[in-house]
Amino acid sequence: MTTYRAPVDDLRFVLDELLDVSGSDIPGYDELESGFVKAVLEEAGKLAENVLHPLNAVGDRQGCRLENGVVRTPEGFREAYAQMREGGWTGLDCDPEYGGQGMPHLLNSAVGEIFVSANMAFNMYQGLSHGAYNAIHAHGTDEQKRTWLPRIVDGTWSGTMNLTEPQCGTDLGLIRTRAEPQDDGTYAITGQKIWISAGDHDLTDNVVHLVLARISGAPAGVKGISLFIVPKFLVDGDGSLGARNAVSCGGLESKMGIHGNATCVMNYDGATGYLLGEAHKGMRAMFTMMNEARLGVGVQGYAMGSVAYQNAALFARERLQGRDVTGPANPDGPADPIIVHPDVRRALLDQKSFVEGARAFALWGAHLIDRSHRLGDAEAEALVSLLTPVIKGFLTDKGFETTVQAQQTLGGSGFTSEWGLEQFVRDARITMIYEGTNGVQSLDLVGRKLGLNGGRTVMGFFDMVKSFAKENEGDARLKANFLDPLKSASKDLQGAAMFFMQNGAKSPNEALSGSHDFLHLFGHVCLGLMWARMARAAYAALDAGTGDPAFYEAKIATGRYYMARQLPATAMHRARIESGAEPVMTLDAASF
């Protein structure tokens, strides 16, 4: 019953008018001319709307199944994946040396939003492959790159990340998977991994697993972990598939959502593995995948909110219930559409203002990654490192909340499978958990990222906000509705950071007890900054008389709503933070 339309105009607004990509000094951005970007987004939209989204409910209903050692994906997934691969989407931003198209990561992120909204479970297959590609591209030998990358890029083979084990998740120092050196330079990998997304399936000819394991005699803890390439099928010298490796799917997880993606228990029984990067330096190589994965999960969070909002808004415009208290809006009908009711409009504006602000924030993050990788910009690299836990944590917390609000908009219909909103809620829920739970993201932000470069990176962010406000304070339209609320929110963020600095060193719980609130406070300030920037771009377009005035006016109105109704939450989060650890830590553990 759900529908999906790719938000091409909104994506183009962010790329063309907010980020001004074609005028950027980043190598490759000169190719992102407006007409080209539009064509790419529209083609992605056609695939998403006509092929992927119709399979979303199918995948949820059928799920994956393990038959005689073979994992089968839902009906239609293989054909859809073939279209994805044939269209070159699996290698959009990959290195042309290995068959990729070499487009910026920013464009891949924009396309990724479209595919996630259409069918999150399906898109995870290529998403995991992209992470494996990045790790091999960054840390592999020339021979490893030649062997594995071309077929991952063209989608013939897929990839995974294998971290979690039954006894450990976040604390990877506890892993037990072993790697025994062999005479030929390979390693025999033995152990079990769980919760492996896309761990096995029938979409590709081979699955290239990247597996964390401990070489015999390695140091304890994370300092003794290495990363290995462990393929489902070994590869012969001529590049053809050889014997089946000693790796198998031991079972499929029964999950709350993303049923169309195969979440596997993977058993390694002396499987042949190839060391990727240096011995005992596996965490460094793995984080090449993890950092991009966390940004990608942030995109998943708001993308699920986006499709849920689309369906909630459509329902609200069509569902007749009650009368407008100011007078009938539909006098010839038995009732008015529920969108006339203030509380329904509030809920829809909560959804809309979050999704559009989050889109700008996530794509700005992707732009910073391009700036870091393509220009070697150390400041951009530090800033995106600071923002990564915020993008992952805030956008998935609020993205899930947005799907729940969308479901609520449908009333009782939203609770039924027939209308499809409950699937969005179930699918979105995992984004708050995997690739590092959002609690871990908040601890990373407060415990590690605030002190990055001696605190200079976060101070640079504060200066960025301050400079933007100062540069634009002469525009009265921006000042009252956007700049003043942004400055107030930024002061809350700085005040909270100061509280941590003054109290956290002598009592770490003072900081860690407020880490969740700090992540959300930071997220609101980031979206406030995005909305202020988007308002400036929209006013400039209206002043120039370019484009559709209704589009820009709606953008400004939506931004004003966020600044007035959502951004003030920063004061609440600051108050919670400054209450310290005592309210959190007083209760004895036995009393819970």
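From a predicted model like this one, the values you see are computed outputs, not experimental measurements.
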Closer than 3.5 angstrom, by distance alone: can the side chain of Thr90 be matched with the main-chain N or O of Arg85 as a donor-acceptor pair? no
With no hydrogens and no angle check, do the side chains of Asp93 and His130 hold a donor and an acceptor under 3.5 Å apart? yes
Going by the salt bridge (Lys or Arg N to Asp or Glu O under 4.0 Å) test, which pairs reach into residues 239-268, not counting sequence neighbours? none
My understanding is that only one of Trp89, Tyr125, Tyr4 makes a ring-ring contact (aromatic ring centres under 6.0 Å, His included) with Phe115; could you say which? Trp89
Side chains of Ser226 and Leu275: closer than 4.5 Å at any heavy-atom pair? yes
Is it the case that the side chain of Gln423 and the backbone of Gly257 share a donor-acceptor pair, with hydrogens and angles ignored and the cut-off at 3.5 Å? no
Check whether His53 reaches the backbone of Ala118 with its side chain - one donor and one acceptor, N or O, closer than 3.5 Å. yes
Quick one: does Asp238's side chain have a donor or acceptor within less than 3.5 Å of a partner on Ser240's backbone? yes
Just wondering, are more than 12 heavy atoms of other shown residues or ligands nearer than 6.0 Å to CD in Glu67? yes
Strictly below 4.0 Å, N to O, side chains only: are Asp25 and Arg371 in salt-bridge contact? yes
Main chain of Val307, side chain of Gln310: is a donor-acceptor contact present, judged purely on distance under 3.5 Å? no
Find the distance between CZ (Arg359) and CG (Asp10) and round it off to the nearest 0.5 Å. 5.0 Å
Salt bridge (Lys or Arg N to Asp or Glu O under 4.0 Å) partners for Glu356, two or more places apart: Lys352, Lys555
What pairs of residues pass the salt bridge (Lys or Arg N to Asp or Glu O under 4.0 Å) test when at least one of them lies in residues 98-107, not counting sequence neighbours? none
What about the rings of Phe522 and Phe461, do their centers lie closer together than 6.0 Å? yes
Compute whether any side-chain donor of one residue and acceptor of the other, for Tyr81 and Gln126, lie under 3.5 angstrom apart. no
State plainly whether the residues Asp60 and Arg426 are in salt-bridge range, i.e. N to O under 4.0 Å. yes
Exceeds 12 heavy-atom contacts within 6.0 angstrom, atom CH2 of Trp195: no
Using atom types as modelled and distance alone, determine if a side-chain donor or acceptor of Glu113 lies under 3.5 Å from a backbone N or O of Leu363. no
Going by atom types only, do Thr160 and His209 share a side-chain donor-acceptor pair under 3.5 Å? yes
How many angstroms lie between atom OG1 of Thr437 and atom CD of Glu435, to the nearest 0.5 angstrom? 11.5 Å
Would you confirm whether Gln182, through its side chain, and Glu180, through its main-chain N or O, come within 3.5 Å as a donor-acceptor pair? yes
Ser372 versus Asp377, side-chain donor and acceptor atoms under 3.5 Å: no
Filter on salt bridge (Lys or Arg N to Asp or Glu O under 4.0 Å), then keep only pairs touching residues 187-200, sequence neighbours left out; what's left? Glu165-Lys193, Asp200-Lys232
Compute whether any side-chain donor of one residue and acceptor of the other, for Arg12 and Ser34, lie under 3.5 angstrom apart. yes
Working to the nearest 0.5 angstrom, can you tell me the gap between Thr272 OG1 and Phe233 CZ? 13.5 Å
Rounded at 0.5 Å granularity, tell me how far CG in Asp370 sits from CG in Leu19. 10.5 Å
Rounded to the nearest 0.5 Å, what's the gap from CG on Asn261 to CG on Asn123? Could you check? 10.0 Å
Sorted by first residue and then second, give each side chain to side chain donor-acceptor pair (under 3.5 Å) pair with at least one member in residues 379-393; sequence neighbours left out. Lys392-Asn438
Please identify each residue that fulfils side chain to side chain donor-acceptor pair (under 3.5 Å) with Lys46, with sequence neighbours left out. Glu43
Just checking, any donor-acceptor pair under 3.5 angstrom between side chains of Gln300 and Thr431? no
Are side-chain heavy atoms of Leu375 and Pro27 found at a separation under 4.5 Å? yes
